[in-house]
Amino acid sequence: MQPEPPMPDASTLTAERAPAPVARAGTANVLRLAIAQALAGANSVVVFSTGAIVGDMLAPSKILATLPISIFVVGMAACSLPAGSIARRYGRNAAFMSGTSCGVLVGLLSALAILAANFWLFSAAMFFGGAYAAVVFSFRFAAAECVPPERRPRALSTVMAGGIFAGVIGPQLVTHTMNLWPPHLFAATFLAQAAVAALAAVVLAGVRLPRPAADVLAGGRPLAVILAQPRFIIAVVCGAVSYLLMNFVMTAAPLAMHLCGHAQEDANLGLQWHVIAMYGPSFFTGRLITRFGASSVVAAGLTLTGAAAIVGLAGVDVAHFWLSLILLGLGWNFGFVGASAMVLECHQPEERTRVQSVNDFIVFGMVALGSFSSGGLLTSYGWDTVLWVSFVPLALAASALALMAVRGARRLA
């Protein structure tokens, strides 16, 4: 039996000239990636729902409570470039399988750490969770390679929309498993998370993407030239700030609710609606980008993020936390998806994996810095300080976006 020929790269075909089998294969790939996003995205939800709580239970000092989540974000940053290198050299499928292997490993190690009451093992396990998340975030760019150029924003947002189901799967996974292995709170949760990661690997095994050709591996402009583009710089700044603030506030929120006397179930439900808000708009974010432009969508995201901080400052009732988390999720979606669409405009096909992985490395590196400071600010100065500090990077991103708009207006004048 002859092996199946590789699928042509749909990103190089126009909508009119793309053969029907290629178009169908591209649609099937996007669908599988969206399903995998739903399953694999639950990994991050479980971590953010439980990481600070487990850290608070196991840490030798309360100031280290959010360290596991910070290490999770460090893993995202540290593994973005290696994941991009694997995808560039061996194909995205190899990167997908490496990531899901880390997803299984984080679940098993975290459960073991809880059973052994070992804070440092739990923190180390979070690094593998971050590696898994770094690969999961490459799904959005992989989807863009499956379709013609004019459909890329829509494909990207379709895959991100899969995360809305992660917003249901993750919190429900925590709620229904956290007490299954008394007295080891959340031990069964992480075992269930490992099983979900294995299921995601099965789904990803059916994704058919072309292996990189030799000329693609050798081609492209020098990376310094690509990174020096003003539009790329602004895309990275806006993407980094959107993700930084979402992580900065969300990392502290469950522990802040706990410290305010709210039930874990309330925190789980708030995080569930937060994640739904993060991914729900993706059903139409791509259309908004196509109609109004990526920069306008990013501006809307930054505005919503600012509104989230204002609501959080208004009070510490459950309703304040929930509404703040929902607005934060909406702001992240518009800001991060819009910035990702801007990145797609800054590279040629042969440069994509390098540029995308560098973008994610910078974004997640900034997020890691914010994550490390979030727990310390919360435990030392309180929830309000976390929210007030968030306005500083927000002003930076808004200024960068305004500068781009002014430059564009001058070119048109």
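This structure is a prediction, so every number in the text was calculated from the model and none was measured.
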Notebook entry, point to check: Taking all non-hydrogen atoms of both residues, which atom of P393 and which atom of L245 are closest, and how far apart?
Noted result: CG-CD2, 3.4 Å
Next item on the list: Any chance you could measure L330, atom CG, to I276, atom CD1, to the nearest 0.5 Å?
Entry: 11.0 Å
Margin query: Which label fits W332 and F137: parallel for a plane angle under 30°, tilted from 30 to 60°, or perpendicular past 60°?
Written below: perpendicular
Next item on the list: Check whether any side-chain heavy atom of M246 sits under 4.5 Å from a side-chain heavy atom of H274, and report yes or no.
Entry: yes
Checklist line | Interatomic distance, F232 atom CZ to N359 atom CG [nearest 0.5 angstrom] | finding: 5.0 Å
Note to self: Could you tell me if the side chain of I114 sits less than 4.5 Å from the side chain of V54, heavy atoms only?
What the structure shows: yes
Item checked: Student check: side-chain heavy atoms of S44 and F72 closer than 4.5 Å -> yes
Notebook entry, point to check: Should the heavy atoms of other residues, nucleotides or ligands under 6.0 Å from OH of Y381 be counted, would the total exceed 12?
Noted result: no
Margin query: Restricting to side chain to side chain donor-acceptor pair (under 3.5 Å), what partner residues turn up for Q356, sequence neighbours left out?
Written below: R92, H347
Next item on the list: Would you confirm whether S242, through its side chain, and G239, through its main-chain N or O, come within 3.5 Å as a donor-acceptor pair?
Entry: no
Next item on the list: Kindly determine whether W383 and L259 satisfy side chain to side chain contact (heavy atoms under 4.5 Å, CB included), including the steps that lead there.
Entry: CA-CA 10 Å; W383 173 241; L259 295 175; over 6 Å; no
Check: Within the distance-only criterion (no hydrogens, no angle test), does the side chain of S380 pair as donor or acceptor with the backbone N or O of L377 below 3.5 angstrom?
Finding: no
Item checked: Nearest heavy-atom neighbours spanning A228 and I233 -> O-CD1, 3.9 Å
Check: How about F165 and I35: do any of their side-chain heavy atoms sit closer than 4.5 Å?
Finding: no
Checklist line | Gap separating the CZ atom of F364 from the OG atom of S357, nearest 0.5 angstrom | finding: 11.0 Å
Margin query: Do S399 and L396 make a side-chain contact, defined as non-hydrogen atoms from C-beta onward lying under 4.5 Å apart?
Written below: no
Check: Short question: side chain of N43, backbone of Q193 - any donor-acceptor pair under 3.5 Å?
Finding: no
Item checked: Sidechain-backbone polar pair: R154 side chain, G286 backbone, donor-acceptor under 3.5 Å -> no
Note to self: Looking at F361, I want to see if its CZ is surrounded by more than 12 non-hydrogen atoms of other residues, nucleotides or ligands under 6.0 Å.
What the structure shows: no
Without placing hydrogens or testing angles, list every side-chain donor-acceptor pair under 3.5 Å for residues 305-327, not counting sequence neighbours.
{"residue": "T305", "atom": "OG1", "partner": "G301", "partner atom": "O", "Å": "3.0"}
{"residue": "W322", "atom": "NE1", "partner": "D266", "partner atom": "O", "Å": "3.0"}
{"residue": "S324", "atom": "OG", "partner": "A308", "partner atom": "O", "Å": "2.8"}

Next item on the list: Taking all heavy atoms of G331 and all of L304, pick out the closest pair and write down the distance.
Entry: CA-CB, 3.7 Å
Note to self: Under the ring-ring contact (aromatic ring centres under 6.0 Å, His included) definition, can you give me all pairs with a residue in residues 107-128, not counting sequence neighbours?
What the structure shows: F122-F190
Note to self: Using 0.5 Å steps for rounding, measure from the CG atom of L33 to the SG atom of C146.
What the structure shows: 6.0 Å
Notebook entry, point to check: So, E145 side chain and A142 main chain: donor-acceptor pair closer than 3.5 Å or not?
Noted result: no
Checklist line | C238 vs L401, side chain to side chain contact (heavy atoms under 4.5 Å, CB included): CA-CA, chis, key distance, verdict | finding: CA-CA 8 Å; C238 291; L401 206 58; 3.9 Å; yes
Margin query: Nearest 0.5 Å, please: how far is CG in L199 from CG in L204?
Written below: 10.0 Å
Check: Going by heavy atoms in the side chains, are M126 and I69 under 4.5 Å from each other?
Finding: no
Margin query: Does L39 form a side chain to side chain contact (heavy atoms under 4.5 Å, CB included) with I169? I'd like the steps, not just the answer.
Written below: CA-CA 8 Å; L39 296 171; I169 295 170; 4.3 Å; yes
Checklist line | Minimum side-chain heavy-atom gap M97-I86 below 4.5 Å | finding: no
Check: Could you give the distance from CZ (F248) to CG (L378), rounded to the nearest 0.5 Å?
Finding: 9.5 Å
Next item on the list: Write down the atom of A188, the atom of L180, and the distance for their closest heavy-atom approach.
Entry: CB-CB, 3.8 Å
Item checked: Verdict with supporting geometry, E265 and M178, side chain to side chain contact (heavy atoms under 4.5 Å, CB included) -> CA-CA 11 Å; E265 289 77 10; M178 63 182 186; 3.3 Å; yes
Item checked: A194 versus G107, closest heavy-atom pair with distance -> CB-CA, 4.0 Å
Notebook entry, point to check: Taking side chain as C-beta onward, heavy atoms only, is V298 less than 4.5 Å from F334?
Noted result: no
Next item on the list: Compare every heavy atom of L58 with every heavy atom of A113, then report the nearest pair and how far apart it is.
Entry: O-CD1, 4.4 Å
